[in-house]
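Both backbone and side-chain heavy atoms feed into the values below; hydrogens, waters and symmetry mates do not.
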Amino acid sequence: MSTYRTIVVGTDGSDSSLRAVHRAGEIAAQENAKLIIASAYQPVVEKGGWSRAPSHDHVVDTRAADSLKGEGYRLHGAAPVYEILQVARDRAKAAGAGDINEKAIEGAPVEALVKLATDVKADLIVVGDIGLNSVAGRLLGSVPDTIARRVKIDILIVHTAD
(Lines give C-alpha, C1' and ligand atoms only; values in the text may rest on other atoms or scores of the structure.)
Protein backbone atom coordinates (compact mmCIF):
# COMPACT_ATOMS: atom_id res chain seq x y z
CA MET A 1 0.00 0.00 0.00
CA SER A 2 1.38 3.41 -0.93
CA THR A 3 1.83 6.19 1.58
CA TYR A 4 0.70 8.99 -0.72
CA ARG A 5 -2.36 8.80 -2.96
CA THR A 6 -2.62 12.46 -4.04
CA ILE A 7 0.31 14.83 -4.35
CA VAL A 8 0.05 18.55 -5.07
CA VAL A 9 2.95 20.60 -6.44
CA GLY A 10 2.96 24.25 -7.44
CA THR A 11 4.87 25.87 -10.26
CA ASP A 12 5.36 29.34 -11.65
CA GLY A 13 7.35 28.05 -14.62
CA SER A 14 10.73 28.95 -13.14
CA ASP A 15 13.62 26.47 -13.28
CA SER A 16 13.47 26.26 -9.51
CA SER A 17 9.78 25.34 -9.41
CA LEU A 18 10.25 22.83 -12.23
CA ARG A 19 12.85 21.04 -10.09
CA ALA A 20 10.17 20.64 -7.43
CA VAL A 21 7.76 19.35 -10.11
CA HIS A 22 10.39 16.82 -11.22
CA ARG A 23 10.81 15.56 -7.65
CA ALA A 24 7.04 15.40 -7.17
CA GLY A 25 6.84 13.38 -10.39
CA GLU A 26 9.43 10.93 -9.07
CA ILE A 27 7.51 10.48 -5.83
CA ALA A 28 4.19 10.10 -7.66
CA ALA A 29 5.77 7.37 -9.81
CA GLN A 30 7.20 5.56 -6.77
CA GLU A 31 3.92 5.77 -4.87
CA ASN A 32 1.65 5.19 -7.89
CA ALA A 33 -0.08 8.41 -6.78
CA LYS A 34 -2.09 11.05 -8.59
CA LEU A 35 -0.02 14.19 -9.18
CA ILE A 36 -1.81 17.52 -9.38
CA ILE A 37 0.32 20.34 -10.77
CA ALA A 38 -1.00 23.78 -9.90
CA SER A 39 -0.13 27.22 -11.11
CA ALA A 40 -1.64 30.30 -9.53
CA TYR A 41 -2.38 33.40 -11.57
CA GLN A 42 -3.83 36.83 -11.04
CA PRO A 43 -6.42 37.84 -13.63
CA VAL A 44 -5.94 40.98 -15.68
CA VAL A 45 -8.92 43.30 -15.57
CA GLU A 46 -9.63 44.59 -19.03
CA LYS A 47 -11.36 47.76 -20.14
CA GLY A 48 -15.06 47.22 -19.62
CA GLY A 49 -14.56 45.35 -16.36
CA TRP A 50 -14.08 41.76 -17.50
CA SER A 51 -10.94 39.84 -16.66
CA ARG A 52 -8.82 37.06 -18.04
CA ALA A 53 -5.62 35.21 -17.24
CA PRO A 54 -2.50 37.29 -17.83
CA SER A 55 -1.12 36.63 -21.28
CA HIS A 56 -0.88 37.61 -24.88
CA ASP A 57 -4.08 35.61 -25.18
CA HIS A 58 -7.14 37.58 -26.08
CA VAL A 59 -10.56 37.13 -27.58
CA VAL A 60 -10.48 38.55 -31.08
CA ASP A 61 -14.22 38.53 -31.68
CA THR A 62 -15.55 41.30 -29.43
CA ARG A 63 -19.00 39.70 -29.42
CA ALA A 64 -17.43 36.62 -27.89
CA ALA A 65 -15.55 38.80 -25.40
CA ASP A 66 -18.83 40.35 -24.28
CA SER A 67 -20.47 36.99 -23.67
CA LEU A 68 -17.43 35.10 -22.36
CA LYS A 69 -16.23 37.89 -20.06
CA GLY A 70 -13.53 36.42 -17.76
CA GLU A 71 -13.74 32.97 -19.31
CA GLY A 72 -12.33 34.00 -22.70
CA TYR A 73 -8.85 32.78 -21.89
CA ARG A 74 -10.23 29.28 -21.27
CA LEU A 75 -11.62 29.10 -24.78
CA HIS A 76 -8.27 29.85 -26.33
CA GLY A 77 -6.08 28.06 -23.77
CA ALA A 78 -3.01 29.99 -24.85
CA ALA A 79 -2.50 31.93 -21.63
CA PRO A 80 1.01 31.60 -20.16
CA VAL A 81 -0.41 29.71 -17.18
CA TYR A 82 -1.42 26.88 -19.51
CA GLU A 83 2.01 26.86 -21.17
CA ILE A 84 3.58 26.68 -17.71
CA LEU A 85 1.35 23.76 -16.80
CA GLN A 86 2.15 21.92 -20.05
CA VAL A 87 5.90 22.27 -19.49
CA ALA A 88 5.46 21.09 -15.90
CA ARG A 89 3.34 18.13 -17.04
CA ASP A 90 6.05 17.09 -19.47
CA ARG A 91 8.67 17.39 -16.70
CA ALA A 92 6.58 15.26 -14.31
CA LYS A 93 5.92 12.67 -17.02
CA ALA A 94 9.67 12.47 -17.76
CA ALA A 95 10.21 11.81 -14.04
CA GLY A 96 7.86 8.82 -14.28
CA ALA A 97 4.50 10.17 -13.10
CA GLY A 98 1.55 8.60 -14.87
CA ASP A 99 -1.64 10.06 -13.39
CA ILE A 100 -1.18 13.81 -13.83
CA ASN A 101 -3.73 16.63 -13.65
CA GLU A 102 -3.09 20.33 -14.14
CA LYS A 103 -4.94 23.15 -12.41
CA ALA A 104 -4.76 26.87 -13.17
CA ILE A 105 -5.98 28.55 -10.02
CA GLU A 106 -6.88 32.20 -9.67
CA GLY A 107 -5.28 33.77 -6.62
CA ALA A 108 -2.06 34.07 -4.69
CA PRO A 109 0.25 31.00 -4.67
CA VAL A 110 -0.03 30.07 -0.99
CA GLU A 111 -3.80 30.40 -0.84
CA ALA A 112 -4.18 28.54 -4.14
CA LEU A 113 -2.03 25.59 -3.04
CA VAL A 114 -3.62 25.34 0.40
CA LYS A 115 -7.15 25.47 -1.02
CA LEU A 116 -6.35 22.93 -3.74
CA ALA A 117 -4.67 20.54 -1.32
CA THR A 118 -7.69 20.75 0.97
CA ASP A 119 -10.21 20.36 -1.86
CA VAL A 120 -8.53 17.25 -3.32
CA LYS A 121 -7.64 15.79 0.08
CA ALA A 122 -3.96 15.69 -0.82
CA ASP A 123 -1.58 13.60 1.29
CA LEU A 124 1.53 15.58 0.32
CA ILE A 125 2.42 19.06 -0.92
CA VAL A 126 5.75 19.49 -2.68
CA VAL A 127 7.30 22.96 -2.80
CA GLY A 128 10.68 24.44 -3.64
CA ASP A 129 12.86 26.09 -1.02
CA ILE A 130 13.08 29.50 -2.64
CA GLY A 131 12.65 32.24 -0.05
CA LEU A 132 13.46 30.11 3.00
CA ASN A 133 16.89 31.66 3.50
CA SER A 134 16.17 35.15 2.25
CA VAL A 135 15.73 38.21 4.42
CA ALA A 136 12.24 38.74 2.99
CA GLY A 137 11.42 35.09 3.68
CA ARG A 138 12.50 35.45 7.29
CA LEU A 139 10.59 38.69 7.77
CA LEU A 140 7.47 38.02 5.72
CA GLY A 141 7.42 34.25 5.56
CA SER A 142 8.32 32.10 2.59
CA VAL A 143 5.86 30.00 0.58
CA PRO A 144 7.02 26.72 2.20
CA ASP A 145 6.94 28.21 5.69
CA THR A 146 3.49 29.73 5.25
CA ILE A 147 2.04 26.55 3.75
CA ALA A 148 3.49 24.48 6.59
CA ARG A 149 1.63 26.63 9.11
CA ARG A 150 -1.68 26.32 7.22
CA VAL A 151 -2.04 22.62 6.42
CA LYS A 152 -1.97 19.43 8.45
CA ILE A 153 -0.48 17.13 5.82
CA ASP A 154 3.07 16.21 4.86
CA ILE A 155 5.13 18.83 3.06
CA LEU A 156 8.28 18.08 1.11
CA ILE A 157 10.56 21.06 0.67
CA VAL A 158 12.80 20.37 -2.30
CA HIS A 159 16.21 22.02 -2.44
CA THR A 160 15.88 23.87 -5.75
CA ALA A 161 18.51 26.60 -5.54
CA ASP A 162 21.68 26.21 -7.60
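Taking the side chain as every heavy atom from C-beta outward, I37 and N101 never approach each other to under 4.5 Å. The shortest distance between side-chain heavy atoms of V9 and I36 does not fall below 4.5 Å. Within the 4.5 Å cutoff, the side chain of L116 has heavy atoms near those of the K103 side chain. Counting heavy atoms from C-beta outward, V127 and I147 have side chains that approach closer than 4.5 Å. Taking the side chain as every heavy atom from C-beta outward, I84 and T11 approach each other to under 4.5 Å. When side chains are defined from C-beta on, L124 counts as touching V126, because their heavy atoms get closer than 4.5 Å.
The CD1 atom of I7 lies 12.0 Å from the NZ atom of K34; values are rounded to the nearest 0.5 Å. Rounding to the nearest 0.5 Å places OG of S39 at 12.5 Å from CD of Q86. If you take NE2 on H22 and CG on L18, they are separated by 11.0 Å, rounding to the nearest 0.5 Å. Atoms OH and CD1, on Y4 and I27 in that order, are 7.5 Å from each other to the nearest 0.5 Å. Between the CZ atom of R150 and the CD1 atom of I155 there is a distance of 11.0 Å, given to the nearest 0.5 Å. Going from atom CG of L35 over to atom NZ of K93 covers 12.0 Å, rounded to the nearest 0.5 Å.
Under the rule for a side-chain hydrogen bond (donor to acceptor under 3.5 Å, both in side chains), the partners of S14 that lie at least two apart in sequence or sit in another chain are D12, S17. Not counting sequence neighbours, the partners of D123 by the salt bridge (charged side-chain N to carboxylate O under 4.0 Å, His left out) test are R5. Considering only residues two or more places apart in sequence or on other chains, A94 meets the side chain to side chain contact (heavy atoms under 4.5 Å, CB included) condition with none of them.
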Before you tell me yes or no, could you show the steps for K115 and I105 under side chain to side chain contact (heavy atoms under 4.5 Å, CB included), namely the whole-Å CA-CA distance, both residues' side-chain angles and the distance that decides it to 0.1 Å? CA-CA 10 Å; K115 182 177 181 339; I105 304 171; 6.0 Å; no
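Pairing each heavy atom of A20 with each of G128, the nearest pair is CB-N, 3.9 Å. The nearest pair of heavy atoms linking A88 to V21 is O-CG1, 3.3 Å. Here the shortest heavy-atom pairing between R19 and R91 reads N-NH1, 4.0 Å. Shown here for A38 and L85, the closest heavy-atom pair between the two residues is C-CD2, 4.0 Å. Closest approach of A29 to G96, counting heavy atoms only: CB-O, 3.2 Å.
The backbone N or O of A95 sits nowhere less than 3.5 Å from a side-chain atom of E26 that would complete a donor-acceptor pair. In this structure, the side chain of E102 does not engage the main chain of Y82 through any donor-acceptor pair within 3.5 Å.
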